Amino acid sequence: MPDALASAINLVTSGDPELGRIVLLSLRVTLSALLMAALIGLPLGAFLAISRFSGRGVLVVILNALMGFPPVVAGLLIYLLLSRSGPLGALGMLFTPGAMIVAQTVLILPIIISLTRQVIEDLWADYEEQLRSLGSSRLRAVPTLLWDGRYSLITALLAGFGRATAEVGAVMIVGGNIAGYTRTMTTAIALETSKGDLALALALGMILMTLTLALNAGAFGTAKLAQRIGG
């Protein structure tokens, strides 16, 4: 164990090229999925928060349940869609980074929609009369509410990032864990651990934890600073 840890530290500090490729691909896939989920999930969550329609309660329950969507099930469903005989097989996305982005987006989208709905629902309860008195419709109120709840919504995005960056099952099913092409930090950790190469697995684990802590600390500090500046 001490030898493996020393080797892991050496891999990190020496700038191992294979390690760098895995880390960069992981960041590209995860941040792309987070961007897509944010663009879709934030407005949808806000719209769901202030809308009243038949079946809304059922939809909220389903979205809350999907926050714990088993990754291997999500991976299997996306695999069936993207496989050669599937309805989207003509796109040729299976075993590519694009398929991994889709898988992570599907997994974190319910989290971002559900947490956004909760944040905006609370804001709407406070600001509804004021916005209506200014002539704002429910639809026109969405951008205002999203902007006002931006600091709380950072937490929703971080929750999505945490789920995406720790994901293994779905991305392995649709990505294939191909060296130099679709191998991410989490799939590489699983593979190297099974092979007994604990040095590389530990090095990737240390980088993954460091990135997660740095991003959360940065987002927390930015939110606090913005709140202080904004009064």
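We use all heavy atoms of the structure for the numbers below, so side chains are in, but hydrogens, waters and symmetry mates are not. From a predicted model like this one, the values you see are computed outputs, not experimental measurements.
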Side-chain donor-acceptor contacts of residues 199-209 below 3.5 Å, not counting sequence neighbours, with atom names and distances?
none

Exercise answer: donor-acceptor pairs, residues 43-51 side-chain atoms, under 3.5 Å, sequence neighbours excluded:
{"unit_1": "Ser51", "atom_1": "OG", "unit_2": "Phe47", "atom_2": "O", "d": "2.6"}

Checklist entry - Is it the case that one hydrophobic cluster holds both Val174 and Leu88, taking links as side-chain heavy atoms less than 4.5 Å apart, direct or via other members? => result yes

Item to check | Side chain to side chain, Phe161 and Leu31, heavy atoms closer than 4.5 Å | outcome: yes

Checklist outcome for this item: One should read off an interatomic distance between Ile173 CD1 and Leu80 CG, to the nearest 0.5 angstrom, of 9.5 Å

Item to check | Min side-chain heavy-atom separation Leu76-Val73 under 4.5 Å | outcome: no

Checklist entry - Are Leu82 and Leu77 in one and the same hydrophobic cluster, where Ile, Leu, Val, Met, Phe, Trp and Tyr link if side-chain heavy atoms are under 4.5 Å apart? => result yes

Checklist entry - How would you list all residue pairs meeting side chain to side chain donor-acceptor pair (under 3.5 Å) that involve residues 183-192, not counting sequence neighbours? => result Asn177-Arg183, Asn177-Thr187, Thr184-Thr186, Thr184-Thr187

Checklist entry - Given the rule that I, L, V, M, F, W and Y join up when any side-chain heavy atoms are under 4.5 Å apart, are Val119 and Ile154 in one cluster? => result yes

Checklist entry - For Ser114, what residues pass the side-chain hydrogen bond (donor to acceptor under 3.5 Å, both in side chains) criterion, not counting sequence neighbours? => result Asn64

Item to check | Spacing of Thr212 atom OG1 and Leu158 atom CG [to the nearest 0.5 Å] | outcome: 10.0 Å

Checklist outcome for this item: For Arg138, the side-chain hydrogen bond (donor to acceptor under 3.5 Å, both in side chains) test, sequence neighbours excluded, returns none

Next on the checklist: According to salt bridge (charged side-chain N to carboxylate O under 4.0 Å, His left out), who are the partners of Arg28, at least two apart in sequence or on a separate chain?
Outcome noted: none

Next on the checklist: How close do Ala170 and Pro71 get, counting heavy atoms only, and between which atoms?
Outcome noted: CB-O, 3.3 Å

Item to check | For the student: nearest non-hydrogen atoms of Ala74 and Leu107, plus distance | outcome: CB-CD2, 3.7 Å

Item to check | Listed once per pair and sorted, the salt bridge (charged side-chain N to carboxylate O under 4.0 Å, His left out) pairs that draw on residues 53-74, sequence neighbours left out | outcome: Arg56-Glu121

Checklist entry - How long is the span from the CG atom in Leu153 to the CD atom in Gln118, to the nearest 0.5 Å? => result 11.5 Å

Item to check | Those residues that, when tested against Arg140, pass side-chain hydrogen bond (donor to acceptor under 3.5 Å, both in side chains) (two or more places apart) | outcome: none

Item to check | Note, Val171 side chain near Thr182 side chain (heavy atom, < 4.5 Å) | outcome: no

Give the table of side-chain donor-acceptor pairs shorter than 3.5 Å for residues 93-106, with sequence neighbours excluded, one pair per line with atom names and distance.
{"unit_1": "Thr96", "atom_1": "OG1", "unit_2": "Met93", "atom_2": "O", "d": "2.4"}
{"unit_1": "Thr96", "atom_1": "OG1", "unit_2": "Gly98", "atom_2": "N", "d": "3.3"}
{"unit_1": "Thr96", "atom_1": "OG1", "unit_2": "Ala99", "atom_2": "N", "d": "3.3"}
{"unit_1": "Gln104", "atom_1": "NE2", "unit_2": "Ala164", "atom_2": "O", "d": "3.1"}
{"unit_1": "Thr105", "atom_1": "OG1", "unit_2": "Ile101", "atom_2": "O", "d": "2.7"}

Checklist entry - How far apart are the C-alpha atoms of Lys195 and Leu191, what are their side-chain angles, what is the distance that settles it, and do they pass the side chain to side chain contact (heavy atoms under 4.5 Å, CB included) test? => result CA-CA 6 Å; Lys195 287 166 53 181; Leu191 176 69; 3.9 Å; yes

Checklist entry - What about Val142 and Leu123, same hydrophobic cluster or not, with Ile/Leu/Val/Met/Phe/Trp/Tyr joined at side-chain heavy-atom distances under 4.5 Å? => result yes

Next on the checklist: Run the side chain to side chain contact (heavy atoms under 4.5 Å, CB included) test on Ile113 and Thr116 for me, step by step, so that the C-alpha distance in whole Å, both residues' side-chain angles and the decisive distance to 0.1 Å come before the verdict.
Outcome noted: CA-CA 5 Å; Ile113 292 176; Thr116 300; 5.9 Å; no

Checklist entry - What pairs of residues pass the side chain to side chain donor-acceptor pair (under 3.5 Å) test when at least one of them lies in residues 77-91, not counting sequence neighbours? => result none

Item to check | From Leu115 atom CG to Ile120 atom CD1, the distance as rounded to the nearest 0.5 Å | outcome: 11.5 Å

Item to check | Evaluation steps, side chain to side chain contact (heavy atoms under 4.5 Å, CB included), between Leu211 and Val23 | outcome: CA-CA 10 Å; Leu211 287 173; Val23 172; 4.2 Å; yes

Checklist entry - Does a side-chain heavy-atom distance below 4.5 Å link Trp124 with Leu131? => result yes

Checklist entry - Atom OG of Ser194 and atom CD1 of Ile189: how far apart are they, to the nearest 0.5 Å? => result 12.0 Å

Checklist entry - Under a single-linkage definition using a 4.5 Å side-chain heavy-atom cutoff for Ile, Leu, Val, Met, Phe, Trp and Tyr, are Ile112 and Leu39 assigned to the same hydrophobic cluster? => result no

Item to check | salt bridge (charged side-chain N to carboxylate O under 4.0 Å, His left out) partners of residues 162-181, not counting sequence neighbours, each pair once | outcome: none

Item to check | Results of side-chain hydrogen bond (donor to acceptor under 3.5 Å, both in side chains) for Thr165 - residues two or more places apart only | outcome: none

Checklist entry - Which distance, rounded to the nearest 0.5 Å, do you find between the OG of Ser54 and the CG of Leu59? => result 11.0 Å

Item to check | Shortest non-hydrogen contact between Ile111 and Ala159, atoms and distance | outcome: CG2-CB, 4.0 Å

